[in-house]
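Some notes on the structure that comes next.
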Amino acid sequence: MKDAYLGVDIGSISTKGVIIDDDNNIITSSYIWTEGSPIKAVRKLIDILKKDLPSNYQIKGIGTTGSARKLIGLLLNANIVKNEITAHAVGTLTFYPDVRTILEIGGQDSKIILLKNGIITNYAMNTLCAAGTGSFLSSQAKRLGLDVSEFGKYALKSKNPVKIAARCTVFAESDLVHKAQVGYKVEDIVAGLCKSIVLNYLNNVGKGKKIEAPIIFQGGVSKNVGVIKYFKEILGEDIIVDENGHLMGAIGIAVLARKNKIGKTYSLELSDIAFDTKAFECSGCPNNCELLKIYRNNELVDSWGSKCGKY
Ligand code: SF4
């Protein structure tokens, strides 16, 4: 039997999983929507990965990362649980050992990681405002009657991107509606949105950070060629986008699971494990987060859905 390692990156929007071998080659991977239920999403993810794993592999390590990492770590009996910053850095360094800057824009948050000689020197995350993230782009695409996968194509056609105020979702939406009503071309509006996402990211997440090459752009939004174009233009540097960039957190935590293996062989049969959940709404601030408390054998093991980390 050959050894393999599972990495799971579970966020509020998407759940990513990879199984790698001893040489960090990806044997199988999957990217699915979390749909408000991390436990259900992970059960589904494991079913998909299990089907694609050749029978001559055995799982010798499991790692979890992302906002529900602790919960899913318990569910899977993980041998390592680490935050997204560490997982993304390790995943990226595995393929790009010289990387100096990681730009990441995901479904609902964004981050920047600065590195020197393979060590994280600084980082920042934006989890509170959705402006400029993948979910924001999808809702703006819908408003324009487009599929978000067409955004890049439209953005590249534009010669005169319009200025969109994207520092906040509310401003951006009203600005976009106004620009569409007064008759600007769709490609110029789309290009304006892509450009404003880059400016918003650099002025917020990247504020005060020295962005040095090699620069790797990852996360779901890195599939958008319009956003890549404006990162290149505004930073004046080449931007590397890896085809597995959207899986980098899962790859990183799988690599860490391999490095921290404890000699145990893991089962991917999850059907026997019972978890209970209770939903409640926090009234601690106007975000009114919908939270999920998770119990195993009546014992509270984790809470999920807080935007501020209070629970
Ligand atoms: S968990 Fe409560 S205090 Fe924290 S952001 Fe959500 S609503 Fe506000």
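Each ligand, and each atom within it, is numbered from 1 in the order the structure gives. Since we're looking at a predicted model, the values are computed, not measured.
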* To do: Could you tell me whether Lys261 sits above the aromatic face of Tyr5, with NZ or CZ closer than 6.0 angstrom to the six-membered ring centre and within 45 degrees of the axis?
  => no
* To do: Give the atoms of ligand 1, by number and element, whose distance to some non-hydrogen atom of Ser306 is under 4.0 Å.
  => 1 (S)
* Quick one: which ligand 1 atoms are inside 4.0 Å of a heavy atom on Asn288? -> 7 (S)
* For ligand 1, which atoms sit closer than 4.0 Å to a heavy atom of Cys289? -> 1 (S), 5 (S), 6 (Fe), 7 (S)
* Asked: Could you give the distance from CG (Leu103) to CD1 (Ile239), rounded to the nearest 0.5 Å?
  -> 6.0 Å
* **2.8 Å cut-off met by an N, O or S atom of Cys282 to atom 6 (Fe) of ligand 1** => no
* Got a salt bridge between Lys44 and Asp47, using NZ or NE/NH1/NH2 to carboxylate O under 4.0 Å? -> no
* Asked: Using 30° and 60° as the class limits, which term best fits the ring planes of Tyr31 and His246: parallel, tilted or perpendicular?
  -> tilted
